[in-house]
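Everything below concerns the one structure shown next.
Remember, it's 1-based here, ligands and their atoms both numbered in the order they're listed.
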Amino acid sequence: MNSLLTDRLGRPLRDLRISVTDRCNFRCRYCMPPEIFDKNFQFLPKTDVLSLEEIAYLTKLFVKTAGIKKLRITGGEPLMRQNLPYLFSLLNEIDGIEDIAMTTNGALLPKYAKELKENGLNRVTISIDSLNDEKFRYINGRNIGVQKVLDGIEAAKDAGLQVKLNMVVKRGMNEEDILPMAKFFKDKDVILRYIEYMDVGNSNGWKLDHVISKKEIFSIINKELPLEPVDANYTGEVANRFRYKDGENEIGIISSVTDAFCSTCSRARLSADGKLITCLFASGGHDLRDYLRNGATEEEMIQRIIDIWSNRHDRYSEERLKNTDKRQIKKIEMSHIGG
Ligand code: SAM
Ligand code: SF4
Ligand code: SF4
């Protein structure tokens with residue numbers, strides 16, 4: 001098997017994002033609003049969650065089925081999952097995997113970065129939406145100070161991990177932080193990526209007015225720190241890249257809302273409870289866990305993955321602005337898929 005597996009729009013299956021938990025130590029208001037994700041919220045019961053061995057086995061099948069080379073571990077907050085370094089060691093043993101990355105809020109990286117690197121993690125993307133401590137404490141809904149994440153960034157660098165940063169930009173939340181973030185990280189050997197606020201899930205009260213477009217973000221930075229475009233590293237790279245004209249570092253802007261990139265979307269997502277999700281904005285996923293637990297053979301599992309991917313025709317972001325009704329449909333929450 002190889003990467004000739006394509007969906008109904010001709011898109012190959014190239015990367016796999018694996019959510020290892022739906023739980024999180026933060027309650028970012030745009031992702032897991034604390035009023036909804038409160039103490040009564042029903043997270044997945046333990047028995048529903050894939051074991052680390054099941055995750056590694058399914059990953060191996062994805063490699064066999066489609067020749068996947070790149071993995072990203074996410075959550076919820078992946079560092080909340082017990083024994084995570086062991087998962088990296090299992091994934092690292094799979095023939096064909098060339099790159100393992102993780103997206104994290106960074107708060108627990110001082111504790112785990114070194115061990116994760118030793119077990120095969122190459123790169124981390126750390127989320128940080130403001131440098132203003134008071135605002136950061138408010139956004140994360142748990143009163144966690146920004147220094148914790150800055151320490152996480154340092155710990156990742158010290159461990160030899162490549163570091164990128166994600167900043168979700170939402171009008172009324174942190175637009176005034178766009179420029180200070182650019183200035184602060186410009187000479188820090190990390191690539192900062194701005195993300196347009198997306199209507200993932202149904203609980204974050206998303207409105208189009210909340211979105212600060214790629215164009216606006218670019219112009220805010222470019223006025224003070226002139227930028228020029230850089231070619232994409234590879235087909236399907238989601239961030240538009242820009243380099244500072246003075247030669248120091250680059251930034252990325254991810255414009256899922258105002259400039260969708262569905263036509264090159266080659267990402268499959270595996271949820272913590274073993275569902276294959278073919279789009280970030282899907283209403284549901286396709287079960288793999290119960291097939292596996294009910295004794296499906298390797299050939300049957302591979303056939304299931306092929307059937308799901310070859311029937312895929314999602315292109316939500318391209319349709320979002322034309323079809324506002326679509327936005328009302330039930331969608332999986334971000335904390336369940338992991339971005
Ligand atoms: N907990 C980890 C973290 O925050 O990095 C990993 C999971 S989180 C869901 C993955 C990424 O999605 C984070 O960078 C987060 O900021 C981003 N995100 C969450 N909700 C979003 C939204 N509505 N629009 C855009 N990005 C969002
Ligand atoms: Fe947790 Fe990440 Fe969502 Fe924030 S964005 S609530 S850190 S899963
Ligand atoms: Fe991919 Fe769906 Fe996002 Fe389009 S909307 S880029 S198909 S995940």
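Counting heavy atoms under 4.0 Å from ligand 1, residue Val168 touches it through the side chain alone. Neither the backbone nor the side chain of Asp199 comes within contact range of ligand 1; no heavy atom lies under 4.0 Å. Of all the heavy atoms of Glu319, none lies under 4.0 Å from any atom of ligand 3, so neither backbone nor side chain is involved.
For the pair Met32 and ligand 2, a heavy-atom separation below 4.0 Å is found. Taking a 4.0 Å cut-off on heavy atoms, Met167 fails to register as neighbouring ligand 1. Ligand 3 has at least one atom lying under 4.0 Å from a heavy atom of Arg269. Residue contacts with ligand 1 do not include Ser19, since none of its heavy atoms lies under 4.0 Å from the ligand. In this structure, Gly76 is part of the shell of residues with a heavy atom less than 4.0 angstrom from ligand 2.
Figure legend: cation-pi geometry between Arg171 and Tyr197 absent, as NZ or CZ is not positioned both under 6.0 Å from the six-membered ring centre and within 45° of its axis. Taking the centre and axis of the six-membered ring of Phe62, the NZ or CZ atom of Lys64 falls outside the cone set by 45° and 6.0 Å. A cation-pi contact, defined as under 6.0 Å to the ring centre and within 45° of the axis, links Arg304 to Tyr291.
Here Arg72 does not pair with Asp15 in a salt bridge; the nearest charged N to carboxylate O distance is not below 4.0 Å. Here Asp259 pairs with Lys214 in a salt bridge; the nearest charged N to carboxylate O distance falls below 4.0 Å.
For atom 6 (C) of ligand 1, the nearest non-hydrogen atom of the protein is Gly76 O, 3.4 Å. The closest protein non-hydrogen atom to atom 6 (S) of ligand 2 is Cys28 N, 3.3 Å. Closest protein heavy atom to atom 1 (Fe) of ligand 2: Cys24 SG, 2.3 Å. Nearest protein neighbour of atom 8 (S) of ligand 3, counting heavy atoms only, is Leu280 N, 3.3 Å. Looking at atom 4 (Fe) of ligand 3, its nearest protein heavy atom turns out to be Cys262 SG, 2.3 Å. Nearest non-hydrogen protein atom to atom 3 (Fe) of ligand 2 is Cys31 SG, 2.4 Å. Of the protein's heavy atoms, Asp314 O, 3.6 Å lies nearest to atom 7 (S) of ligand 3.
Close N/O approach between Ser127 and ligand 1 is found [any backbone or side-chain N/O within under 3.5 Å]. Backbone and side-chain nitrogen or oxygen atoms of Pro78 are examined, and none is located within less than 3.5 angstrom of a nitrogen or oxygen of ligand 1. Residue-to-ligand polar distances place Met198 within reach of ligand 1: an N/O pair is separated by less than 3.5 Å. Between Glu77 and ligand 1, at least one pair of N/O atoms sits closer than 3.5 Å. Looking at ligand 1, you'll find an N or O of Thr104 within less than 3.5 Å of one of its N or O atoms. Backbone and side-chain nitrogen or oxygen atoms of Tyr197 are examined, and none is located within less than 3.5 angstrom of a nitrogen or oxygen of ligand 1. Any N or O atom pair closer than 3.5 Å counts here, and Thr103 shares no such pair with ligand 1.
Counting backbone and side-chain atoms alike, Cys279 contributes an N/O/S atom closer than 2.8 Å to atom 2 (Fe) of ligand 3.
Within ligand 2, counting atoms from 1 as listed, the ones closer than 4.0 Å to a heavy atom of Asn105 are 7 (S).
For an aromatic pair to be called close, the ring centres must be under 6.0 Å apart, and Phe43 with Phe41 satisfies this.
Taking the six-membered ring where the residue is Trp, Tyr316 and Phe281 present parallel rings, their angle staying beneath 30° rather than reaching 60°. Phe242 and Phe218 have tilted rings, their planes meeting at an angle from 30° to 60° on a 0 to 90° scale.
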